[in-house]
Amino acid sequence: MPVKVTKLLPSLTLILLLLRFVSTIDGSEFTIIEATVADIQRAFADGRLTSRQLVDLYIDQIERLNPLLRGVLEVNPDARHEAERADRERDEANRGRRSWVGLGELHGVPVMVKESIATKDKMNTTAGSYALLGSEVPRDATVVERLRRAGAVILGKATLTEWYGTRSSRIPNGWCARAGQAVNPYVESGDPCGSSSGPAISVAANMVAVSVGTETDASIICPADHNSVVGIKPTVGLTSRAGVVPISPRQDTIGPICRTVSDAVYVLDAIAGYDPADHEATKSAGKFIPEGGYKQFLKKDGLKGKRLGVVRNPFLLSYNGSSAVSAFEHHLDTLRKKGATIIDHLEIENINIILDPYQSGEAVALLSEFKVGIKKYLEELIKSPVRSLADIIAFNSDNPDLEMMEKYGQDEFLISETTSGIGEDVLKAVELMKKLSEDGFEKLMDENELDAIVTLGWGASTMLAIGGYPAITVPAGYESDGMPFGICFGGLKGTEPKLIEIAYDFEQSTKARRVPPILKLGCMEF
Ligand SMILES: *[C@@H]1O[C@H](CO)[C@@H](O)[C@H](O)[C@H]1NC(C)=O
Ligand SMILES: *[C@@H]1O[C@H](CO)[C@@H](O)[C@H](O)[C@H]1NC(C)=O
């Protein structure tokens with residue numbers, strides 16, 4: 001008998017410990033649903049949660065939801081290991097055996113990066129295409145390097161529209177060969193938008209704490225808008241593009257997609273900064289980064305004294321008849337009540353040309369820039385089945401079933417392949433976009449002394465993309481069918497501090513984001 005008892009004791013202790021563990025993290029004290037980075041850090045600090053437990057919870061959530069939503073392409077096989085390392089570091093700091101320096105907001109926090117952002121680990125970097133499967137990247141993308149340095153745990157790679165949609169005009173938002181069709185967590189038949197569909201879906205559905213996407217034109221702002229999360233599209237060059245599958249050095253930018261403005265700001269602080277591997281752009285935008293980073297602009301009274309412009313034509317027209325319009329008017333009132341001045345009914349010169357890629361020069365430039373940029377990216381890979389756009393086109397033709405060629409084709413790739421470098425036509429197109437931006441958006445901002453323009457939805461993204469301007473979108477409500485919409489604040493280059501002040505105060509004053517119904521029901525049925 002006594003022998004039995006002593007033998008039982010350790011296992012009883014284990015069971016009790018296990019019960020405590022479950023009740024602490026699944027009970028009222030900590031839940032991953034809508035957990036912010038600040039909530040997570042508080043739980044870490046109080047000893048209520050470890051990074052390893054958090055990673056386990058998110059992986060559970062991915063296993064439950066991702067077969068339906070397809071926001072995650074790969075889970076990092078080393079994520080648990082990385083989390084344990086973070087826990088050890090925190091433990092050492094707690095015991096005074098290591099400095100707290102470097103254990104910032106993202107330490108131990110799981111982050112999902114868009115799959116086209118290189119990770120030098122067991123995960124693949126393929127832009128969603130089988131053509132790049134089996135390739136080997138030379139190193140982490142600089143933004144990933146910075147996330148790791150901040151102590152973040154790379155939980156996985158998020159899905160995207162294959163090749164950012166550059167392959168074909170027929171590929172739907174959120175579709176890539178390797179993951180299939182991503183699904184909007186709010187409305188199953190709704191557009192998840194793209195190309196950063198996976199980053200937006202994964203945070204919206206609480207499959208990860210924070211995420212990082214990329215944008216050339218609309219690819220952060222639109223999926224964030226459609227999946228009811230916050231997206232920051234930084235000024236081009238504020239974040240390094242080194243190690244990220246490119247489209248255009250003029251327009252590509254890497255930015256956070258998160259559930260809250262403050263989470264997005266913590267991520268921005270971690271990834272922004274000069275990078276010799278993306279010298280020109282990051283040097284020129286580096287001057288915008290304020291001493292002490294962006295957190296200081298998360299201010300309660302951020303809207304006070306701000307001048308916000310509203311351009312109804314054409315940005316409100318596409319919403320004609322939608323309940324989003326009355327929500328927008330209501331939000332304008334809120335902005336006024338919080339101390340902002342709304343300068344309404346403004347007009348932008350040549351706006352129809354600016355928004356038409358075939359008239360502004362954007363299409364001409366991007367098609368040429370992609371061919372040049374992708375070649376350089378592919379050449380730098382240590383190992384790759386393809387080394388040029390021509391190789392990718394040949395791969396698709398040789399593997400029609402894998403890449404669903406009959407359905408989706410590769411018309412844009414074929415057009416891009418006919419271009420020959422950055423010639424006169426591209427330089428002229430770039431000149432035109434510069435002039436359109438100066439006479440359009442910049443003139444509007446200067447003449448009206450605006451801090452930002454505010455638009456319903458993501459319609460201003462092309463105007464902001466061709467000039468390299470920053471934008472932040474914040475959840476703003478839901479249409480009658482449950483489809484989310486956001487409000488987008490756009491500004492001149494380097495005005496992230498103002499945009500953060502505006503977006504944060506707007507978010508805190510409206511708290512419009514709701515958990516997707518799929519989570520509230522606690523089941524996978526819509
Ligand atoms: C990367 O792709 C290979 C196939 O080439 C696959 O076996 C592996 O599981 C992928 N890695 C991850 C983490 O999914
Ligand atoms: C909005 O839609 C209504 C019909 O629902 C139409 O009468 C009106 O002209 C439209 N307004 C604009 C600006 O297109």
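Whatever order the structure lists ligands and atoms in, that order sets their numbers, starting from 1.
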Worksheet item: What residues form a ring-ring contact (aromatic ring centres under 6.0 Å, His included) with Tyr504, not counting sequence neighbours?
Response: none
Item to complete: Anything under 30° is parallel, anything over 60° is perpendicular, the rest tilted; go ahead and classify Trp458 against His226.
Response: perpendicular
Fill in: Under 3.5 Å side-chain donor-acceptor pair for Thr125 and Lys120
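Not at all, the side chains of Thr125 and Lys120 share no donor-acceptor pair under 3.5 Å.
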Item to complete: Any pair with a residue in residues 220-247 that passes salt bridge (charged side-chain N to carboxylate O under 4.0 Å, His left out), sequence neighbours left out, goes on the list, sorted by first then second residue, please.
Response: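 Salt bridge (charged side-chain N to carboxylate O under 4.0 Å, His left out) check on residues 220-247 returns Arg241-Asp278.
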Item to complete: For residues 265-276, pull every pair meeting salt bridge (charged side-chain N to carboxylate O under 4.0 Å, His left out), keeping only residues two or more places apart or in separate chains.
Response: Asp269-Lys295
Worksheet item: Protein residues near ligand 1, heavy-atom distance below 4.0 Å?
Response: Glu74, Val75, Pro77, Lys122, Met123, Asn124, Leu133
Discussion item. Regarding Asp78 and Lys122, does a basic nitrogen lie under 4.0 Å from an acidic carboxylate oxygen?
Written reply: yes
